[in-house]
Amino acid sequence: MVKKAWRIIPRPLLESVLNNHAQHHRVPQPLILHGPRGVGKTTIILERLLENWNTGPHLTGYTDFAQSIKDHHPSHNQSFPWSSWSSCPLPPLSSLKGHLESCLESMAEKGIRLGAITSHQIFTTLNKWAGLNTALRRILSSNTASKKTAAVSDKVSTSVLWDRAVFAFSGRLNVEEIVGVAGLGDKVKGMSVEERSYFKEALVALRLAKEVIRMQQGWRANAVAHLNRTGGFSRSLANSATDWPCLLLELLSAAAEIDYFQPKLVMNNIEVLRNAILTDDSTVSASIYHDSLIWRIIALGANERCMPVILVTSDSYYSYRAYMDFGFPDIFISREAFGWTPEEAKLHMVTDYFSASEWTIVAEVFGSNPRHLFELYALKQCNYYQKMIEDRSNSFEDIVDVYLAYLQITVVNPAMCKAISFVEKFAHDATSGRISKDRLRFGAPWRHPPFTDDPNILYEWAKLQLMDFVQSLVNAEFGLNYLADCSLEIFDDPSAVAMLEVGLLYAQRDPSFIRPVSRGIERCLVRWLVQEKIKMNFQKLATNEAIRFLLEPFA
């Protein structure tokens with residue numbers, strides 16, 4: 001077969017749904033685009049939609065929180081992992097926070113450039129949230145250019161303080177910086193003094209607002225450090241950590257205008273933000289920051305309407321559990337992508353990429369997951385495979401076996417090792433009293449973890465729980481309808497939770513099945529189960545032989 005470049009195939013229905021959401025300038029709810037790994041969610045955003053969402057009046061901020069994971073991201077010449085991002089070395093929260101804020105700041109600067117965001121709007125929005133007097137007085141008193149006017153009467157209104165602070169702060173920006181930030185280029189030469197003053201005032205106001213929020217966060221630093229040490233929760237501290245991005249979101253939403261300025265935000269791999277690492281006490285924990293950010297986006301949409309915000313994720317937490325955690329089943333707009341059906345995949349794949357006989361094998365072993373198909377086709381086109389075909393000593397089935405072994409060794413086995421560690425942690429937490437007694441009262445074996453600190457016993461117990469769970473999945477033909485069968489208790493099982501967290505299983509929303517992310521992963525799970533059973537049988541035989549040898553002299 002002649003080598004043919006892989007092409008991005010349109011998905012008209014899903015693209016129409018996403019385009020319809022993005023064409024609105026303000027919407028009442030954020031949208032979650034979710035689905036199993038490898039079905040093309042990121043591809044459809046980057047390759048099909050993002051360019052159109054940045055033309056004319058449209059402006060789209062795109063933030064991929066996984067881009068900081070250099071060993072597993074295409075931007076660093078790597079490939080997306082098949083297992084969950086939580087299985088990879090996670091980036092620090094401060095880095096992700098900086099990426100999001102810089103993205104929103106650049107969008108706000110575009111709004112200023114179009115005259116859609118003014119100094120007055122920035123002041124009005126900021127003043128709704130908290131008192132500004134103390135922070136503005138501190139800024140005025142610390143500004144060297146305003147020492148002579150630093151003494152301000154206590155009776156001066158907040159708006160007057162703001163105007164004076166903007167004037168004092170403006171000395172920090174020169175003309176070149178204004179031109180660079182505002183992106184005006186040669187246009188500045190044809191602008192009047194009033195126009196330049198207008199742009200400068202708005203830019204200075206944006207910088208001043210950031211400084212005010214930074215100062216207020218500094219006053220809460222000790223409280224945040226205490227919160228991180230104790231592991232508690234404070235809504236005021238959580239909101240203070242997200243004040244700056246949420247201020248920008250509210251400014252952009254208020255400035256949105258059909259056919260003139262229509263901003264929107266795409267946050268890809270949002271689960272990385274939820275699981276990021278806290279390296280210092282500069283902000284609250286990642287889970288609190290994530291929840292506060294989404295809560296405030298929801299509140300902005302419900303109360304005043306928010307610019308379109310799209311969250312893209314492969315974490316099944318966002319398919320069902322997130323809706324419960326944030327209120328009720330319709331708190332988000334849900335759009336779930338499952339890739340192609342086998343019939344659609346056959347239409348696109350045969351005969352451009354696989355022959356009819358090859359496709360029969362691929363569909364049987366791996367299903368129609370687009371990433372499986374792409375990786376298998378790339379393997380098929382490599383020089384080594386072409387040489388094997390020429391030698392007539394191998395066939396396409398050998399390539400399928402090689403790729404299946406690759407998934408087994410590099411994806412499923414390491415993920416199952418991590419899942420075992422999660423179940424071990426559950427047992428340790430149970431013995432330490434950190435697990436609710438309601439989860440340990442009756443029934444399944446996992447409700448009775450071994451009360452011991454012996455790591456070998458805990459490891460063997462955790463492995464047995466996972467083997468039992470995978471065997472149950474096999475008996476259920478790898479499908480469990482947790483809503484229709486009233487089986488929500490499955491989310492209490494540490495084995496189910498562990499396999500969902502490592503990304504081998506996916507909990508769909510509609511239909512509400514828990515299943516492996518692909519047929520290829522399903523086959524690898526069966527192989528893992530068989531391998532572990534064989535190991536257990538060998539251990540049992542070895543133990544019996546040892547006992548027989550020791551008892552021989554007494555026979």
Side-chain angles (χ1 to χ4, degrees), residues 1 3 6 36-40 71-74 77-88 314 339 342 345 349 353-355 357-421 463 466-467 469-471 473-474 477-478 498-499 501-506 515-539:
M1 183 180 293
K3 288 188 178 181
W6 192 262
R37 291 187 170 276
V39 298
D71 294 337
H72 298 277
H73 199 276
N77 296 320
Q78 302 293 333
S79 60
F80 290 118
W82 269 106
S83 54
S84 170
W85 287 111
S86 63
S87 301
C88 307
S314 298
M349 295 293 107
Y353 301 103
F354 301 101
S355 65
S357 60
E358 291 172 346
W359 175 253
T360 302
I361 299 171
V362 172
E364 175 66 24
V365 177
F366 298 106
S368 56
N369 185 287
R371 194 190 297 178
H372 278 320
L373 301 181
F374 170 75
E375 291 177 350
L376 193 61
Y377 179 69
L379 185 62
K380 179 186 173 184
Q381 296 303 317
C382 71
N383 294 331
Y384 180 69
Y385 173 71
Q386 297 300 330
K387 184 179 179 181
M388 288 197 309
I389 294 296
E390 291 172 3
D391 294 341
R392 303 291 182 183
S393 59
N394 297 82
S395 61
F396 181 72
E397 287 88 342
D398 296 302
I399 294 298
V400 171
D401 287 339
V402 168
Y403 181 56
L404 201 60
Y406 161 79
L407 289 177
Q408 185 75 50
I409 295 170
T410 64
V411 177
V412 174
N413 288 352
M416 291 303 287
C417 288
K418 185 149 192 177
I420 290 174
S421 68
K463 192 200 299 188
L466 276 176
M467 290 175 65
F469 182 80
V470 174
Q471 182 65 64
L473 273 180
V474 173
E477 298 182 354
F478 285 98
M499 293 187 67
E501 286 187 1
V502 299
L504 296 180
L505 298 185
Y506 182 77
R515 63 173 179 84
V517 294
S518 72
R519 185 174 293 181
I521 299 297
E522 177 183 306
R523 285 182 175 272
C524 291
L525 285 173
V526 174
R527 282 188 172 190
W528 177 86
L529 178 63
V530 172
Q531 289 170 356
E532 294 301 326
K533 284 187 173 182
I534 291 173
K535 288 180 184 178
M536 288 184 67
N537 289 335
F538 273 123
Q539 289 173 355

Which residues satisfy the side-chain hydrogen bond (donor to acceptor under 3.5 Å, both in side chains) test with [X], sequence neighbours excluded?
X: Ser83; answer: none
X: His73; answer: Asp64, Ser75
X: Glu375; answer: Trp82, Tyr403
X: Ser518; answer: His372

Hey, would you say the Tyr353 and Trp359 ring centroids sit under 6.0 Å apart?
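No, they do not, as the ring centres are separated by 6.0 Å or more.
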Give the minimum heavy-atom separation between [X] and [Y], together with the two atoms involved.
X: Cys88; Y: Pro81; value: SG-CG, 3.9 Å
X: Val470; Y: Leu525; value: CG1-O, 4.0 Å
X: Val517; Y: Asn369; value: O-ND2, 4.1 Å
X: Ser368; Y: Pro342; value: OG-N, 3.8 Å
X: Ile361; Y: Val400; value: CG2-CG2, 4.0 Å

Looking only at atom types and distance, does a side-chain atom of [X] sit under 3.5 Å from a main-chain N or O of [Y], one as donor and one as acceptor?
X: Lys380; Y: Phe354; answer: no
X: Asn413; Y: Cys524; answer: no
X: Ser86; Y: Glu501; answer: yes

Return the [atom1] to [atom2] distance between [X] and [Y], rounded to the nearest 0.5 Å.
X: Lys418; Y: Ile420; atom1: NZ; atom2: CD1; value: 13.5 Å
X: Phe396; Y: Leu376; atom1: CZ; atom2: CG; value: 4.5 Å
X: Glu522; Y: Arg527; atom1: CD; atom2: CZ; value: 13.0 Å
X: Glu477; Y: Arg515; atom1: CD; atom2: CZ; value: 14.5 Å
X: Trp528; Y: Cys417; atom1: CH2; atom2: SG; value: 8.5 Å
X: Leu466; Y: Met416; atom1: CG; atom2: CE; value: 4.5 Å

With Arg523 via salt bridge (charged side-chain N to carboxylate O under 4.0 Å, His left out) - residues at least two apart:
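Partners of Arg523 under the salt bridge (charged side-chain N to carboxylate O under 4.0 Å, His left out) test: Glu364.
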Could you pull out all residues at least two apart from Lys463 that satisfy salt bridge (charged side-chain N to carboxylate O under 4.0 Å, His left out)?
Glu532
Verify side chain to side chain contact (heavy atoms under 4.5 Å, CB included) between Tyr377 and Val362, making sure each step is shown before the conclusion.
CA-CA 10 Å; Tyr377 179 69; Val362 172; over 6 Å; no
Which of parallel (below 30°), tilted (30 to 60°) and perpendicular (above 60°) describes Trp85 and His72?
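Perpendicular: the ring planes of Trp85 and His72 meet at over 60°.
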Verdict with supporting geometry, Ile521 and Phe478, side chain to side chain contact (heavy atoms under 4.5 Å, CB included)
CA-CA 11 Å; Ile521 299 297; Phe478 285 98; over 6 Å; no
4.5 Å side-chain heavy-atom contact, Met499 and Pro516
no
Just wondering, are more than 12 heavy atoms of other shown residues or ligands nearer than 6.0 Å to CZ in Phe80?
yes
